There are 2 protein chains.
Amino acid sequence: MDVREYIDANASGFFAALKEWLAIPSISGDPERRDDVRRSAVWLEAHLRETGFPVVEIWETGTADEPGLPTVFAEWPAEDPAAPTVVVYGHHDVQPVEPLAEWATDPFSPVERGDRLVGRGASDDKGQIFFHTLGVRAGLAASGGTAPPVTIKMLVEGEEESGSTHFADLLRERRDRLACDAIVISDTTMWAADVPSMCTGMRGLTEAEVSMYGPSSDLHSGSFGGAVPNPLHAMTRLLAGLHDEQNRVTLKGFYDGVIELTDQERDSFARLPFDEAEWLATAGGSRAAFGEEGYTTLERVWARPTAEINGMWGGHTGPGGKTIVPREAHAKVSFRLVAGQDPQAVQQAFEAYVAEHAPPGIRAEVHVTGAGVRPCFSPIDSPGVLAARRAMERVFGKEVLFTREGGSGPEADLADILEAPLVFVAVGLDEDRIHAPNEKVEMPLLLRGAEVAAYLWDEFAGRR
Amino acid sequence: MDVREYIDANASGFFAALKEWLAIPSISGDPERRDDVRRSAVWLEAHLRETGFPVVEIWETGTADEPGLPTVFAEWPAEDPAAPTVVVYGHHDVQPVEPLAEWATDPFSPVERGDRLVGRGASDDKGQIFFHTLGVRAGLAASGGTAPPVTIKMLVEGEEESGSTHFADLLRERRDRLACDAIVISDTTMWAADVPSMCTGMRGLTEAEVSMYGPSSDLHSGSFGGAVPNPLHAMTRLLAGLHDEQNRVTLKGFYDGVIELTDQERDSFARLPFDEAEWLATAGGSRAAFGEEGYTTLERVWARPTAEINGMWGGHTGPGGKTIVPREAHAKVSFRLVAGQDPQAVQQAFEAYVAEHAPPGIRAEVHVTGAGVRPCFSPIDSPGVLAARRAMERVFGKEVLFTREGGSGPEADLADILEAPLVFVAVGLDEDRIHAPNEKVEMPLLLRGAEVAAYLWDEFAGRR
């Protein structure tokens with residue numbers, strides 16, 4: 001029995017089990033749902049045991065004072081002790097379901113609609129992590145072996161949708177158990193059902209709030225206007241100066257070390273069937289693309305760092321006019337970062353920029369929000385990426401193109417703490433409505449994901 | 001009996017009458033106080049009659065649908081029909097009194113504290129318009145005449161503190177009755193009790209709100225940031241660009257026609273005992289002076305036009321971070337204008353500037369708020385200014401310096417509609433706490449104001 005025959009024969013059982021799991025409302029962001037997240041972990045624990053993993057554990061996170069939500073860990077050693085070890089990362093918690101009125105069916109009563117399975121978590125991420133269970137069984141059925149060709153360590157987090165609060169600590173504590181040669185991430189998307197693709201990087205992030213203070217109270221602009229500094233003027237100058245005429249970020253050293261796109265990646269991006277007008281429609285009906293000169297829209301959102309004003313306020317914001325010199329101005333600013341950039345270095349460059357640009361008489365303050373998110377990146381010629389690409393091309397029968405993602409979760413922590421390269425293997429689609437009402441997954445694609453997973457371990461082990 | 005003897009002999013009666021008037025809470029901005037404003041007009045009508053004005057009228061303003069508050073008009077023709085005619089402008093309405101808790105005494109129970117008379121309107125403007133009644137009587141007492149040496153037309157408005165809503169219309173309707181050779185404004189201040197000065201101009205104003213619209217909803221900055229225009233970026237660039245490196249306003253034609261300060265005025269400003277550190281303290285503890293290069297602080301607030309951001313908002317302004325590309329940005333902007341500038345021309349230049357600077361993909365809108373306020377200006381060598389200056393120097397016994405004011409009320413309408421030059425004659429002080437709790441006036445200065453008013457008509461008539 002080959003891989004595909006096994007998968008077809010077991011598809012209905014696979015979806016029946018997945019639906020059981022999807023029925024558990026494991027919303028990590030909702031304090032009322034903590035027990036459900038726990039039930040979800042216990043359900044997965046049982047199912048991974050049933051799949052054949054000899055080691056399955058529930059790992060608690062957080063502390064006694066501030067308990068977190070559980071991660072599920074499972075390990076299946078390779079037959080050959082010299083074979084590589086791969087961590088497979090995904091998460092079993094899901095997004096909230098509001099606005100509930102916009103769901104056509106109950107989010108936790110998963111239903112099939114033609115080829116689609118509809119329910120919260122169907123794509124993000126229960127469906128996508130679950131295909132690995134069918135994949136590993138299919139691989140064994142085809143090879144006749146009793147253990148996979150690589151050591152597989154499943155690592156299924158329970159707090160991804162609420163900021164992975166305790167995940168980095170868990171990784172540090174369990175580093176030895178998680179030792180590996182590569183990390184497969186199954187929590188992203190492909191370009192389209194008929195355009196297989198692999199993500200190769202995600203942007204990081206650092207955020208700050210900047211405030212500028214002038215007079216101790218709002219001043220009458222007739223009596224004082226034109227002779228004292230206006231914090232809103234200072235703020236507009238400061239923030240307008242963050243970009244140059246080419247829409248490049250002006251912070252000192254901002255682009256130092258940035259890993260530039262290779263010609264091969266740019267070429268692969270260019271071959272994606274990208275319709276800019278359609279993309280602009282999904283971008284809230286934006287009227288024009290706009291950004292750093294010399295880059296396409298996809299390059300800009302996937303592989304170029306940014307400075308973005310997320311909010312700004314100061315002075316009179318109510319109805320009517322009020323002719324004042326306002327006492328203060330505030331702005332929230334964030335920077336998307338790409339491979340080669342360090343959140344802390346960018347924070348420091350921003351602090352230095354603000355200190356340098358506050359005019360006389362204005363006191364400027366920067367508050368950095370959080371530690372930031374490190375960008376992550378897999379070179380397209382790395383062995384893991386090449387192995388996963390071969391597995392996907394075998395399943396889809398056509399060239400697999402490359403993509404990236406503009407934002408990220410805990411992926412960089414995985415790579416940094418476990419010191420292993422990332423490989424993104426996923427079959428979700430951008431149109432799956434993750435984080436939105438009526439989330440769905442294409443069932444045929446989940447089965448293709450299982451097929452990719454079945455071939456993947458052979459490719460990783462260097463045998464076919 | 002000379003002027004000063006008459007004034008001293010009648011001072012106590014003058015203050016007793018003024019206190020009666022101050023006790024009427026004629027707050028034009030408070031709809032509950034409309035009857036009190038009316039009572040204030042009736043009180044003044046009676047008092048002007050008692051002073052000797054043969055013609056005294058209450059002029060209603062507004063329309064039947066939207067009634068305004070009354071202006072008091074009084075006329076006293078000169079003995080010589082060839083003598084000049086002077087309109088004396090002031091107002092009998094007052095500012096609100098909030099915060100009431102900060103008043104040491106009831107705002108409408110005027111009390112004397114040493115040389116000071118404390119109460120709402122004591123300086124702004126009942127006290128200052130009232131000294132003319134004592135002045136004209138003192139002049140007649142000294143000359144032995146039965147009519148003043150010029151035709152005096154008192155014009156005492158009832159809506160100045162609530163925007164002079166109906167005043168321009170009234171001026172147009174009553175233009176013939178108000179025909180004059182000069183307009184004396186008694187509603188400003190002197191530099192200090194021992195530094196007599198005259199205002200020679202007031203800045204005008206035009207206001208607008210500008211909005212910039214990008215996507216139809218806030219976008220995730222991971223998915224879209226860097227590739228679509230951000231309305232807050234566009235707004236900061238737009239507004240930062242309103243000033244050049246010399247802090248001059250960049251609107252096309254903004255300075256065209258601006259009447260520059262003469263060397264004599266600059267010299268007079270420079271001779272005022274101005275303590276910049278003290279001024280900065282009154283400017284809400286501003287830490288440094290800042291403004292258009294090449295001008296002093298007083299020149300900047302009095303005689304230079306400005307562009308000021310009064311308020312700005314957009315995107316996420318609540319606690320915490322929110323990594324979005326915001327859908328829109330808004331700002332309130334105002335321009336202070338000086339002689340030679342036209343509010344409408346500046347509005348048009350601003351609209352053109354916004355249209356020119358909105359980047360691709362951003363829709364920009366400008367809403368002009370109101371018709372604006374025209375600047376006003378009296379050249380320091382005009383006959384009226386010279387006459388008033390001589391009268392003041394006679395009373396104060398020292399050189400009268402020149403000042404201006406940074407904001408204004410309906411003064412430009414008076415000059416424009418009545419087609420006569422303005423002359424500012426006032427004895428209020430900046431420290432009188434007008435518009436604030438515990439407003440006061442220096443009683444000896446009000447008596448000096450009466451003395452100036454007594455000499456003023458001789459000076460205007462060219463006789464001493």
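In what follows, every heavy atom counts, from backbone to side chain, and hydrogens, waters and symmetry copies are set aside. Remember, predicted model here, so these are calculated numbers, not experimental data. Naming convention: chains lettered A, B, ... in sequence-line order (proteins, then strands); numbering from 1 in each chain.
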Against chain A, work out which of B/His233, B/Met235, B/Arg203 has the most heavy-atom pairs shorter than 4.5 Å and name it.
B/His233
B/Ala208, B/Gly406, B/Gly226: which one forms the most heavy-atom pairs within less than 4.5 Å of chain A?
B/Gly226
Could you check A/Glu308 against B/Val325 for side chain to side chain contact (heavy atoms under 4.5 Å, CB included), going step by step and ending with a plain yes or no?
CA-CA 7 Å; A/Glu308 204 81 62; B/Val325 178; 3.8 Å; yes
Is there a donor-acceptor pair closer than 3.5 Å between any side-chain N or O of A/Arg287 and the backbone N or O of B/Pro360?
no
Heavy-atom pairs under 4.5 Å with chain B - which of A/Gly407, A/Ala240, A/Gly315 has more of them than the others?
A/Ala240
Looking only at B/Gly291, B/Ala329, B/Ser286, the option with the highest number of non-hydrogen pairs under 4.5 Å against chain A is B/Ser286
For the CE atom of B/Met312 and the OG1 atom of A/Thr236, what is their distance to the nearest 0.5 Å?
6.5 Å
Kindly indicate whether the side chain of A/Asn230, heavy atoms from C-beta on, has any atom under 4.5 Å from the side chain of B/Phe290.
no
Step by step, would you call B/Asn310 with A/Lys322 a side chain to side chain contact (heavy atoms under 4.5 Å, CB included)?
CA-CA 7 Å; B/Asn310 308 120; A/Lys322 197 173 176 190; 5.7 Å; no
Can you tell me which of A/Gly320, A/Ala331, A/Gly321 forms the most heavy-atom pairs within a distance under 4.5 Å of chain B?
A/Gly320
With a 4.5 angstrom heavy-atom cut-off, could you sort out which part of B/Thr306 is near chain A: side chain, backbone, both or neither?
side chain
Using a cut-off of under 4.5 Å for heavy-atom pairs, which of B/Ser217, B/Ser223, B/Pro359, B/Gly285 has the most such pairs with chain A?
B/Ser223
Note: vs chain B, highest number of non-hydrogen pairs under 4.5 angstrom among A/Gly225, A/Gly318, A/Pro326, A/Ser334 is A/Gly225
Using a cut-off of under 4.5 Å on heavy-atom pairs, state which of A/Asp430, A/Thr369, A/Thr282 scores highest against chain B.
A/Thr282
Tightest non-hydrogen contact, residues B/Val301 and A/Ala227, listed as CG1-CB, 3.5 Å
Part of B/Leu298 lying under 4.5 Å from any heavy atom of chain A:
neither
Any idea which of B/Met202, B/Arg300, B/Arg237 has the most non-hydrogen atom pairs under 4.5 angstrom with chain A?
B/Arg237
Distance col, row B/Phe224:CZ vs A/Leu280:CG, nearest 0.5 angstrom, shows 9.5 Å
Return the option, out of B/Asn247, B/Thr317, B/Leu239, with the maximum number of heavy-atom pairs under 4.5 Å with chain A.
B/Thr317
So for A/Ile309, is it side chain, backbone, both, or neither that comes closer than 4.5 Å to the heavy atoms of chain B?
both
Please rank A/Ala289, A/Ser221, A/Ala288 by heavy-atom pairs under 4.5 Å with chain B and give me the top one.
A/Ser221
Applying salt bridge (charged side-chain N to carboxylate O under 4.0 Å, His left out), name anything that partners A/Arg404, two or more places apart in sequence or on another chain.
A/Glu265
For B/Glu260, enumerate each residue passing the salt bridge (charged side-chain N to carboxylate O under 4.0 Å, His left out) test, keeping only those at least two apart in sequence or located in another chain.
B/Arg304
Roughly how far, to the nearest 0.5 Å, is the NE2 atom of A/His316 from the CH2 atom of B/Trp313?
7.5 Å
Region of A/Ala307 that comes under 4.5 Å of a non-hydrogen atom in chain B:
backbone
Which atoms of A/Thr296 are under 4.5 Å from chain B, going by heavy atoms: the side chain, the backbone, both sets, or neither?
neither
Could you check which of A/Ser408, A/Gly241, A/Ser216, A/Ala283 has the highest count of heavy-atom pairs closer than 4.5 Å to chain B?
A/Ala283
Tell me the residues of residues 361-368 of chain A whose non-hydrogen atoms fall below 4.5 Å from those of chain B, in number order.
A/Gly361, A/Arg363
Less than 4.5 Å to any heavy atom of chain A: does that hold for the side chain of B/Thr323, its backbone, both, or neither?
both
Heavy-atom cut-off 4.5 Å, strictly under: side chain, backbone, both or neither for B/Pro231 against chain A?
neither
Below 4.5 Å from any heavy atom of chain A, which atoms of B/His243 appear? Answer side chain, backbone, both or neither.
both
Enumerate the salt bridge (charged side-chain N to carboxylate O under 4.0 Å, His left out) contacts for residues 204-230 of chain B, please, sequence neighbours excluded, ordered by first and then second residue.
B/Glu209-B/Lys332
Contact origin within B/Ile324 toward chain A - heavy atom pairs under 4.5 Å
both
